Amino acid sequence: VNEIKSDIQIAQESKMTPIRDIVENLGISETEWEPYGHYKAKLSLSLMDRLEKNKDGKVILVTAINPTPAGEGKSTCTVGLGQALNKIGRRAMIALREPSLGPTMGIKGGAAGGGYSQVVPMEDINLHFTGDIHAITTAHNALAAMMDNHIHRGNELGIDVRKVVWKRVMDMNDRSLREVVVGLGGPLKGVPRESGFDITVASEIMAILCLAADLKDLKHRLSKMVVAYTSDDKPITASDLGAEGVLTLLLKDAIKPNLVQTLENTPALIHGGPFANIAHGCNSVMATKMAAKLSDYVVTEAGFGADLGAEKFLDIKTRAGDIDPDLVVIVATIRALKMHGGVSKDNLKEENVEALKNGLANLEKHVETIRQFGLPHIVAINRFLHDTDAEIEALTSWCNEQGINVVLADVWAKGGEGGRELAEKAVALIEENDKNFTHMYDVNESIEEKIKAIATKVYGAKTVEFSSYVKKQMADYARYGWGNLPVCMAKTQYSLSDDPSKLGRPEGFTITVRELKPSIGAGFIVALTGDVMTMPGLPKEPAALKMDVDEEGRAVGLF
Ligand SMILES: Nc1ncnc2c1ncn2[C@@H]1O[C@H](COP(=O)(O)OP(=O)(O)O)[C@@H](O)[C@H]1O
Ligand SMILES: O=COP(=O)(O)O
């Protein structure tokens with residue numbers, strides 16, 4: 001185990017192909033892309049116009065069980081499966097989200113996959129990449145500045161400074177910015193009011209970038225963002241502030257999907273990076289649809305467990321992008337199942353078949369959820385070094401007894417070679433086409449009914465409690481005409497419930513909805529549950545402490 005190379009060592013030793021070669025292999029013409037260095041590119045939106053008539057490739061969604069804080073390998077398995085499909089002679093691309101600096105410098109580390117299934121250049125991808133997240137941060141904060149300037153200059157729109165819902169953002173975990181007071185210092189320095197910061201990946205502008213169909217749709221969605229209310233509760237939007245034009249200008253390059261490659265030169269589109277616990281957790285519709293036009297299979301992922309990313313992919317992203325998914329891969333790990341079976345995070349490397357069996361209830365619920373969506377599915381056991389044959393055997397035979405397709409994936413250690421069986425099974429299931437995709441709820445149901453549908457059918461909750469403030473919000477939203485939008489649940493990723501300590505498959509629990517937030521531009525209503533935060537904090541030992549640059553100027557410590 002000691003000689004195992006770190007993700008960054010493997011990535012830095014890899015031989016990347018110039019991105020020009022990847023572009024040419026995809027049949028993309030000179031006017032349809034622009035290089036960002038030798039190994040990154042942005043694809044022009046005009047490419048979609050030309051590809052419109054192409055047959056769509058099959059869409060494979062990678063989700064997981066409720067994870068440990070380190071994550072269970074969705075990005076790794078997405079990359080590994082994409083590589084494996086190419087190894088078995090299928091034309092496949094992958095579509096991933098862009099990592100946020102929050103987790104990269106925090107607890108989780110990067111999001112470029114791992115081992116021999118990574119996208120590269122991983123340092124760039126995990127740090128500033130092509131600047132999209134910085135552009136989103138700037139656009140979000142420009143709107144905040146324009147709103148506070150409007151208030152300072154006489155507040156013609158009659159914004160009630162106690163009813164401003166638009167905060168500022170920063171792509172960093174910084175708990176000190178959760179609650180702030182702006183405008184202090186007297187008449188020349190603005191109007192004092194309470195506010196705060198969210199992490200950029202929770203910004204509605206991030207969600208809009210991920211759900212917009214094209215530049216025109218981006219601008220239309222940006223115009224509808226609600227920033228505040230008047231004292232008689234009239235919503236004030238970005239277009240009321242005349243901001244949609246400048247916001248679109250600030251995002252004109254960020255809207256273009258980014259092309260990179262995997263360690264095995266499989267083309268990868270990385271675009272957008274919303275978290276799945278506090279946002280909708282999916283990469284952009286544009287990148288996913290572009291990948292589907294450029295290949296026969298697109299493997300894409302949605303954050304955290306099927307209760308979060310997969311539910312939002314299947315209920316929000318498919319509606320926004322008219323995407324018809326073909327297969328779901330549910331990543332399970334022995335370590336996470338042992339955690340759900342009661343093992344503490346420090347003892348997950350020790351064999352414990354009993355605990356594994358006790359934790360299977362969590363996997364069982366996520367399989368049931370994907371069955372409710374009417375989609376074919378495979379459980380991919382993402383093999384870790386410390387997994388024992390007895391544990392793998394116990395998990396595999398349980399799946400077989402339950403009639404659940406299961407494959408052992410060794411893509412972290414072996415790259416595409418370790419995913420051949422998974423790729424073959426995926427192709428076979430897609431060709432069987434035994435699917436009856438259906439959403440978890442009808443958007444025309446009330447907000448309350450939609451939240452209850454998700455909580456009971458996807459989380460397994462017994463009841464849902466709405467605070468009196470939320471009940472008033474639901475009545476207001478219905479009056480504003482926002483009642484027929486999908487719901488984006490903000491909930492802890494660690495538990496099916498809204499209590500992060502309830503692992504496994506909790507039953508008989510109540511989901512408590514404490515607040516709604518309108519994301520009218522993105523086209524959904526955010527429902528905040530439990531104590532979920534939209535600005536995470538750094539852990540006791542941030543990964544940032546290990547990060548540096550060596551004498552040759554190369555990044556170190558990005559794991
Ligand atoms: N099979 C594996 N063995 C060892 N480490 C792994 C394995 N799969 C993933 N990892 C590591 O775990 C972390 C989380 O993997 P990632 O693919 O980002 O998970 P997710 O996308 O589900 O959050 C990464 O550091 C990755 O290198
Ligand atoms: O939104 C969270 O995504 P991961 O599951 O990739 O950490």
Side-chain angles (χ1 to χ4, degrees), residues 11 14-62 75 78-98 112-113 117-122 124-125 129-130 132 210 213-215 253-272 282-301 321 323 325-326 415-416 419 423 426-427 430:
S14 70
K15 283 296 313 137
M16 289 183 281
T17 294
I19 201 66
R20 169 174 293 283
D21 296 352
I22 302 278
V23 163
E24 284 168 3
N25 289 343
L26 290 170
I28 296 171
S29 71
E30 270 312 298
T31 58
E32 293 171 329
W33 72 289
E34 49 198 309
Y36 275 59
H38 301 296
Y39 303 108
K40 297 171 286 193
K42 271 190 176 285
L43 301 186
S44 309
L45 303 189
S46 60
L47 176 62
M48 271 314 273
D49 301 335
R50 176 172 67 83
L51 297 176
E52 193 54 37
K53 299 270 181 296
N54 281 25
K55 185 168 167 299
D56 279 326
K58 302 297 183 186
V59 177
I60 301 170
L61 170 66
V62 179
S75 306
T78 298
V79 174
L81 176 53
Q83 294 179 145
L85 284 164
N86 281 294
K87 271 196 181 298
I88 66 169
R90 305 288 173 153
R91 273 184 347 122
M93 282 183 77
I94 66 171
L96 285 177
R97 281 171 299 150
E98 176 179 351
S117 291
Q118 295 186 62
V119 281
V120 285
M122 75 89 98
D124 293 17
I125 293 165
F129 200 19
T130 54
D132 294 352
C210 289
D214 52 32
L215 197 63
D253 292 320
I255 191 67
K256 298 171 189 169
N258 306 292
L259 177 69
V260 289
Q261 62 193 285
T262 72
L263 290 171
E264 295 175 15
N265 315 121
T266 296
L269 284 176
I270 299 182
H271 195 218
C282 301
N283 57 71
S284 75
V285 160
M286 232 174 280
T288 306
K289 294 185 81 159
M290 243 182 217
K293 291 292 184 189
L294 289 165
S295 63
D296 297 329
Y297 297 87
V298 52
V299 190
T300 189
E301 53 84 47
I323 293 170
D326 296 283
V427 168
I430 290 172

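Quick note: numbers below take in every heavy atom, side chains included, and nothing from hydrogens, waters or symmetry partners. If you're wondering where the values come from, they're calculated on a predicted model, not measured in any experiment.
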Can you check whether K40 reaches V260 side chain to side chain, under 4.5 Å on heavy atoms?
-> yes
Measure the shortest side-chain to side-chain distance between I323 and D56 over non-hydrogen atoms and say whether it is less than 4.5 angstrom.
-> no
Please name all residues satisfying salt bridge (Lys or Arg N to Asp or Glu O under 4.0 Å) with E32, sequence neighbours left out, ordered by chain then number.
-> R50
Stepwise side-chain contact (heavy atoms from CB on, under 4.5 Å) check, I125 with L96 = CA-CA 11 Å; I125 293 165; L96 285 177; over 6 Å; no
For A423 against I88, the heavy-atom pair lying closest together = CB-CD1, 3.7 Å
Polar side-chain atom of K289 near backbone of G321 as donor-acceptor pair, under 3.5 Å | yes
When you check the gap from the basic side-chain N to the acidic O, do R20 and E30 get nearer than 4.0 Å?
-> yes
Counting N and O atoms only, with roles assigned by atom type, does the side chain of D326 sit under 3.5 Å from a partner on the main chain of V59, one being a donor and the other an acceptor?
-> yes
Are any of the side-chain nitrogens in K42 or D253 under 4.0 Å away from the carboxylate oxygens of its partner?
-> no
Is it true that a side-chain atom of H271 and a backbone atom of L259 form a donor plus acceptor pair closer than 3.5 Å?
-> no
Return yes if some donor-acceptor pair links the side-chain N/O of S14 with the main-chain N/O of M16 below 3.5 Å, else return no.
-> no
Under 3.5 Å, is there a donor-acceptor pair between the side chain of N54 and the main chain of K293?
-> yes
With distance as the sole test, does E98 use its side chain to make a donor-acceptor pair with the main-chain N or O of D132 at under 3.5 Å?
-> no
Heavy-atom donor-acceptor pair, R97 side chain to E301 backbone, under 3.5 Å | no
What's the shortest heavy-atom distance between C282 and C210, and which atoms?
-> O-SG, 3.6 Å
Start with the C-alpha gap between Q83 and L263, add the side-chain angles, then the distance that decides, and say whether side-chain contact (heavy atoms from CB on, under 4.5 Å) holds.
-> CA-CA 9 Å; Q83 294 179 145; L263 290 171; 4.1 Å; yes
Of L26, N25, T31, which is the lone residue that meets side chain to side chain contact (heavy atoms under 4.5 Å, CB included) with I28?
-> L26
When rounded to the nearest 0.5 angstrom, what distance separates CG in L43 from CG in L294?
-> 7.5 Å
What one should report as the nearest heavy-atom pair of M122 and A112 is CB-CB, 4.1 Å
State, to 0.1 Å, how close I19 and G37 come at their nearest heavy-atom pair, and which atoms those are.
-> CG2-O, 4.4 Å
Applying side-chain contact (heavy atoms from CB on, under 4.5 Å), run through Y297 and L81 and close with a yes or a no.
-> CA-CA 10 Å; Y297 297 87; L81 176 53; over 6 Å; no
Evaluate the side-chain proximity of W33 to L47: yes if any heavy-atom separation is below 4.5 Å, no if none is.
-> no
Check: I22 main-chain N/O paired with Q261 side-chain donor or acceptor under 3.5 Å | no
Heavy-atom side-chain proximity of V23 to P267 below 4.5 angstrom | no
Of all the heavy-atom pairs spanning A95 and T300, show the shortest one and how long it is.
-> O-OG1, 2.9 Å
Residues L269, V298; criterion side-chain contact (heavy atoms from CB on, under 4.5 Å); working and verdict | CA-CA 10 Å; L269 284 176; V298 52; over 6 Å; no
Residue pair S117 / G415: nearest heavy atoms and the distance that separates them | OG-CA, 3.5 Å
Taking the side chain as every heavy atom from C-beta outward, state whether N86 and E264 have any atom pair closer than 4.5 Å.
-> no
Does any non-hydrogen side-chain atom of T266 lie less than 4.5 Å from one of V79?
-> no
If you round to the nearest 0.5 Å, how far is CE of M290 from CG of L51?
-> 7.5 Å
Counting only N and O atoms by type, is there a donor-acceptor contact under 3.5 Å from the side chain of S44 to the main-chain atoms of S46?
-> no
